[in-house]
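Scroll down for the structure; my scribbles are underneath it.
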Amino acid sequence: MDEKYFPESIEQKWQQHWEQTKAFQATDDDPRPKFYCLEMLPYPSGFLHMGHVRNYSIGDALAWYKRLQGFNVLHPIGWDSFGQPAEQAAIKRGVNPRDWTEENIALMRGQFKRLGISYDWSREIAAHRPDYYKWDQWFFLKMYERGLAYKKKSPVNWCPKESTVLSNEQSSGGVCWRCGAEVEKRDLEQWFLRITEYAGQLVDHIKQIESSWPEKVLKRQRDWVGRSEGAYIDFPVKNSDKKIRVFTTRIDTIFGATAIVLSAEHPLIDELLEASPLKDEVMAFARKVKSEKATRGRIVEEEEQKEGINTGVLALNSFSGESIPVWVANYVLLEYGTGAVMSVPAHDERDFEFAQKYSLPIRRVIERISHEQESIVHDPLSADQSIAMPHAFTDYGILVNSGDWSGKLSQDAIVEMAKYAAEHGFGEAAVTYRIRDWGVSRQRFWGAPVPIIYCEKCGMEAVPEKDLPVQLPDHAEFTGSGESPLAGVADFVNTTCPKCGGEAKRDTDTMDTFVDSSWYFFRYCDPKNDSAAFDPAVAKQWTPVDQYIGGDSHAVMHLIYTRFWTKFMRDIGLVSFDEPVKKLLTQGMVTNRVEGTDEWKAMSKSLGNGVDPDEMIAAFGADAARLFILFAAPVENELRWSETGIEGAVRFLRRVYTMVWRWHERLSNNAGVSPGQNSTGESNGESSAGARALRRKTHQTIAKVTSDFEELHLNTIVAALMELFNEFGDFNADPGTASAGDVFAVREALESLVLMLAPFSPHIAEEMWEKLGHKGGLLQSARWPQADPELARCEELEIPIQVNGKLRSRVLAAPEVTEAELRTAALNDEKIRSLIEGHEVVKVIVVPQRLVNVVLR
RNA sequence: GCCGGAGUGGCGAAAUUGGUAUACGCACCAGACUCAAAAUCUGGCGAGGUCAAACUCAUGUCGGUUCGAGUCCGACCUCCGGCACCA
C-alpha cells in the first residue's frame, strides 16, 4: 500500500486476486440462505456505455451487501448475443457474425473486469452458442407439441429498414423498437407462440408481485394484456342463416344499437354480400381501407376520419326484436374482439361520431342517475329521442327505453342481460384481451433456427430432440434482402424427413432473440448441463430471482415474455412457481447533453454524446466512477451526466484512504476485534467525548445504511458514509497519543466505513481492509457491521420549541426526559417566556423526543 | 384525448411518513499553505433585512384541514413518460 491513492494499481491488484481465488463463484448445495441478484444481460455491441455501468454497479452493490450479510449470492452474467447488429455488420462489412460477436464479447468482458463487477464468471453464457440455443429449440418443440407454437399466415409488422418481421411488442406505437422506422403490414406465414393462452394469468398473477415491481411497469403490462369484461352477442342476419357475433362491454346499451359495424377485413363480408347488388361497391370500399392500413402501418398522426358504407344487409337485435343495418367501416379493428361491433351512438364516442357523419339514428337508452336522490335526472337535450346530443353519454346510469330492462342500473343490467342472452342462445358473458400471440419468426440468419422440417409427403415435422441443436451454418450470403439468408444455404436447407427419411427442407427462419432472454437466468443455475435446459432440482435452489435490475424499456417486451415463459415452464413441470422475479428495479437512464442542443438524451454513439467507461476508469478509477454514479441520483431517476461531480467521489475516496494510512500502524499494533464480531465490546480504556461521539455516529450510520440498502436508496447511503467520515474531522485525535479508548473508536469507525464502502468501491475497500490488519480479502473474513441501538442513542437531544408553529428556541434534554419535564423546560426558556408575556397559553403540545409547540392566543 | 409520475437553493438531491426544510455532494466565495499556481486544509453559502441581531418570506400556483403541512384534501399550472379508434 502506497501512501498516496493510486486507483490503477489497487484495482489491478484486487481484480487479479479475485480472479485467482475465484472469489465470487456461487456454490450449489450451500447451507446458507441464497440470494439471486440479476441484472439484464447485455447485447454484446463491443462497448459498455454509462447506462450499463449504472445498471451493473447497482446490481454489484446489492450482491456485495448480501454477501457480507452472509448470503450465498448468485450473481451471474451472460450475453444476449443473437440479433440484428451482428448481421448488419456482416451485410455492411462482410465479417462473419460469429467472429464479430465473439470479439465483442471479449472486449466487453474486459470492461466488466476493469470495472471490478463481482460476477461468477464460471457461469457465463452466450445465446449464440449451440449449447445454449439448443434449448431455445427444445422449448419451441415443447410448445409445438402442446399446440402453443403454431404457424399461420397473417398480417404482420414488417420493418422495411431491417427487412424483418417484428412482434407487436417490438412495434408498439407503429415504429420499430430498434431502429425507429415506421412499420408496415405484410401478409406472411409466421410462427406464433400462444401467449394469449396465458393472458388471464399474466393479469391475475400481478397480484403476486404488485408490491415489489414498479407500478409503472405493472400498469403498462396490464394495459398491454388489456383484459376487458363484457359479452358476445349474436345478431342473426336477415334472409340468411349467418349470424354476426359482436363483443361489447356495454350490453346494457343494446337497445340503443342502431347499426352493426364490421371491420373491412371481416371474413363474413364476402358471404353476406353474395347476392347483393351493392357487392362491388362494398368490396371496393373494403379493399381501399385495407390498402390504406397496409401502407400506413400503425401510425395515426391525428385521429383518422371515420368512413363506412351501408351493405344493405339487415341484422336482428334479439333483445329488441328490431332489425338494424349492417355497415362496414374503417374504425373497427379486426384484431380485437370479434371484428364487429354494435354501434350505439348515444353512448359511445366513436359510434356517435360515425352516426353523425352518416345520419344514423341516435337513440338514448341510459340516463344519468343522481346518487343523492336515487332518481333519474333528465337531460333536456335528450327529451326528444331523435334530437342529437352534443356528445355521447358514456357513463353508467339507469336504463330507459329498453323494454323490460328499463329502470335497471347499468351495473346490474350488464350481468343480467348477458345471462339472459346465454339462456336464450344468442350470446354469453366473455372476457377478451388486447394482447396478441407472439410472432417469433424472423427472416434473419443470426438467431436460433426454427427446428421444423417440411416433407412433401409427411408435411410439417418437428426435428427430433436427439437431433438438436439445429446448427447455424458457418457461412451464408448476407444480402439484406427480405428472405432469410438461411434459404440460400443448400446444405442447411436440404435434409431428410425424420418420419419417412425422404428428401425434405428445413424451416429457414430463426427465432426472435427475445426467446433467448425469456429463460436465460434459469440456465445460469446449471449452465453446463448438456442433457437439459437446466436441472429443475438445481434451479429450485436459486430461483425465483430475488432482485432483478434493468431498464424499463423492456416493460412490455422481455418482462412480459419471461413471465409467459415461466408459466409455460411451470406447466411442463420445470419450475413450481408462477412468477420468475420477486423484486424488480428499473433504473433511470443515463443521459448526456446532445452537443449543440439543450436536449438530454440517452448516451449513444450515433448522437455523439456517449462517454466511454474506459476513459472514466483511466482518469478516475473504477471505484470512483462507480461511487459517483450511485451517489449522483436515486437509482430510479434519470441521471444527467456531468464530469464535475466525479471528482468529488475521487476526493472522498482519497480522504478515506489517507485517514486509513494515518491510523493503520497504530491500529494494526492494536489489532482488536472487528466490529461485526463484537460491536458492543467494551472499549477497554477511557473514552473521550469525541470518541463517544464517533462511536455514536458509527452506529447511527450502520443502522441507516443497512435500512437504506433494503430499499436500494444507494445515494443516501453514500451521503451517510460521507457524514460518518466527516465526524473524523471533529474528532481529530492523534494516532501517536490517542488513548486505547480513542483507538478503539477509530478502529470501529474505520472498519465499519470500509465494510460499508465495499459495495460501492470494492477495490479500495479491499486494500484498506488489508491495511487495517485483515488478511485474505474482505469476503473471507468480514461480516456486515451490526448497529448497537444503545451506542447509537444520543446523550442529549436538542428539542425545538415552537410558538404557534414557528420555531423560536431550542432546549437541551436527556432522551428519557418526561413529557411534563419537557413542557416545563420549554415554558421556562427565557426566549419563550418573553414571547408568552401578555398572552394566554391556550395549550402546549409536547411530542416526546421531538418538539414542543406553545399555542398562544 | 385517456392513464401514470414528478415539480424543493445556481446544480444533483435530503427530510425517520404530519413535527427543526435545504443533510450529503457539485459549483461558487473567503482564508491558510505557496515566490506563484495547482493540489490540500479551514470557514462561508435559500431570499430579504441588519454593523450584528431581531424579524419577515420561501418546497409550481391558489384555497382548505391541523397546535403544526414539502408531506394530507380540493382546484389549477407546468414538465416528463406511456397508450392511442381495444367496442
Side-chain angles (χ1 to χ4, degrees), chain A residues 172-174 214-220 222-224 226-228 230 246-251 253 261 263 298-300 302-306 329-333 335-344 347-351 353-354 394 432-436 552-553 555-556 589 600 627-628 631-634 636-649 651-652 654-655 658 700 703-704 707-708 713 715-726 729 798-810 831 842-847 849-856:
Chain A
S172 176
E215 181 50 38
K216 66 177 168 183
V217 171
L218 296 179
K219 184 196 174 298
R220 285 184 62 187
R222 272 189 215 102
D223 288 353
W224 190 261
R227 185 192 149 93
S228 173
V246 305
F247 176 73
T248 179
T249 55
R250 292 298 303 274
I251 190 172
T253 65
V261 186
S263 156
R298 288 159 59 111
I299 288 208
V300 187
E302 51 201 80
E303 194 141 309
E304 198 188 335
Q305 272 294 315
K306 290 184 174 43
N330 63 347
Y331 76 98
V332 177
L333 305 173
E335 314 86 71
Y336 185 76
T338 61
V341 301
M342 62 179 202
S343 175
V344 185
H347 304 293
D348 180 281
E349 289 293 351
R350 296 151 304 183
D351 295 339
E353 192 189 323
F354 188 69
T394 56
T432 61
Y433 297 93
R434 251 182 74 155
I435 192 170
R436 305 266 65 90
D552 66 4
S553 57
V556 290
M589 282 197 302
W600 291 82
L627 183 69
F628 169 67
F631 174 56
E636 63 279 356
N637 281 23
E638 175 187 336
L639 183 100
R640 298 187 162 192
W641 186 255
S642 106
E643 299 265 313
T644 54
I646 194 169
E647 303 202 13
R651 268 199 288 271
F652 172 66
R654 194 182 301 141
R655 282 194 278 247
T658 305
Q700 287 172 344
K704 172 165 178 58
S707 79
D708 277 358
H713 292 159
N715 57 325
T716 55
I717 292 178
V718 178
L721 296 180
M722 288 171 168
E723 277 189 65
L724 172 57
F725 181 78
N726 290 344
E798 199 184 45
I799 305 289
I801 313 295
Q802 298 180 333
V803 174
N804 289 340
K806 283 193 188 331
L807 177 69
R808 295 299 174 185
S809 185
R810 300 166 211 270
K831 182 93 185 291
V842 180
K843 61 175 155 178
V844 180
I845 313 261
V846 180
V847 184
Q849 310 206 354
R850 298 232 56 129
L851 64 48
V852 179
N853 188 13
V854 181
V855 185
L856 301 181

Which base, if any, makes a Watson-Crick or G-U wobble pair with [N], both distances under 3.5 Å?
{"N": "A27(B)", "result": "none"}
{"N": "U61(B)", "result": "A75(B)"}
{"N": "A53(B)", "result": "none"}
{"N": "C83(B)", "result": "G1(B)"}

Taking only the side-chain nitrogens and oxygens of [X], find out if one of them lies under 4.0 Å from OP1 or OP2 of [N].
{"X": "Lys843(A)", "N": "C67(B)", "value": "yes"}
{"X": "Arg654(A)", "N": "U40(B)", "value": "yes"}
{"X": "Arg655(A)", "N": "G25(B)", "value": "no"}
{"X": "Arg434(A)", "N": "C83(B)", "value": "no"}
{"X": "Asn726(A)", "N": "G25(B)", "value": "yes"}
{"X": "Lys216(A)", "N": "C83(B)", "value": "no"}

Nearest heavy atom decides the nucleotide; on that basis, is Gly729(A) or Arg651(A) closer to the 5' end of RNA chain B? Arg651(A)
Mapping Ser228(A) and Glu723(A) to their closest nucleotides on RNA chain B, which lands nearer the 5' end? Glu723(A)
Distance between the [atom1] atoms of [N] and [M], in whole angstroms?
{"N": "G9(B)", "M": "C45(B)", "atom1": "C1'", "result": "10 Å"}
{"N": "G46(B)", "M": "A23(B)", "atom1": "P", "result": "8 Å"}
{"N": "G25(B)", "M": "U40(B)", "atom1": "P", "result": "14 Å"}
{"N": "G82(B)", "M": "A14(B)", "atom1": "P", "result": "23 Å"}
{"N": "U17(B)", "M": "G12(B)", "atom1": "C1'", "result": "23 Å"}

Please work out which of the three classes, parallel, tilted or perpendicular, describes the rings of Phe354(A) and Tyr331(A), given edges at 30° and 60°. tilted
Side chain of [X] only, heavy atoms from C-beta on: which candidate in [options] is closest?
{"X": "Val855(A)", "options": "C67(B), U56(B), G19(B)", "value": "C67(B)"}
{"X": "Lys219(A)", "options": "G4(B), C24(B), A87(B)", "value": "G4(B)"}
{"X": "Tyr336(A)", "options": "A87(B), C55(B), A15(B)", "value": "A87(B)"}
{"X": "Asn715(A)", "options": "C24(B), A87(B), A14(B)", "value": "A14(B)"}
{"X": "Pro634(A)", "options": "C24(B), C85(B), A14(B)", "value": "A14(B)"}
{"X": "Phe631(A)", "options": "U56(B), G12(B), C55(B)", "value": "G12(B)"}
{"X": "Arg850(A)", "options": "C85(B), U16(B), C67(B)", "value": "U16(B)"}
{"X": "Val341(A)", "options": "C26(B), A87(B), G19(B)", "value": "A87(B)"}
{"X": "Asn853(A)", "options": "C67(B), C85(B), C26(B)", "value": "C67(B)"}
{"X": "Asn330(A)", "options": "C55(B), C85(B), G19(B)", "value": "C85(B)"}

Would U17(B) be called syn or anti here, given the cut-off of 90° from 0? syn
Anti or syn - G9(B), cut at 90° from 0: syn
Using a cut-off of 4.0 Å on non-hydrogen atoms, how would the nucleic acid contact of [X] be classed: base, sugar-phosphate, or nothing?
{"X": "Val344(A)", "value": "nothing"}
{"X": "Glu798(A)", "value": "base"}
{"X": "Gly648(A)", "value": "sugar-phosphate"}
{"X": "Arg808(A)", "value": "sugar-phosphate"}

Between Arg654(A) and Glu647(A), is a salt bridge (Lys or Arg N to Asp or Glu O under 4.0 Å) present by the stated rule, with each step listed? CA-CA 10 Å; Arg654(A) 194 182 301 141; Glu647(A) 303 202 13; over 6 Å; no
Would you check if Ile717(A) and His713(A) make a side-chain contact, meaning some heavy-atom pair closer than 4.5 Å? no
Asn853(A): side-chain hydrogen bond (donor to acceptor under 3.5 Å, both in side chains) partners, not counting sequence neighbours: none
Whole Å only: how far is the CD atom of Glu638(A) from the P atom of G82(B)? 13 Å
State whether the side chain of Lys831(A) and the backbone N or O of Arg808(A) hold a donor-acceptor pair below 3.5 Å, judged by distance alone. yes
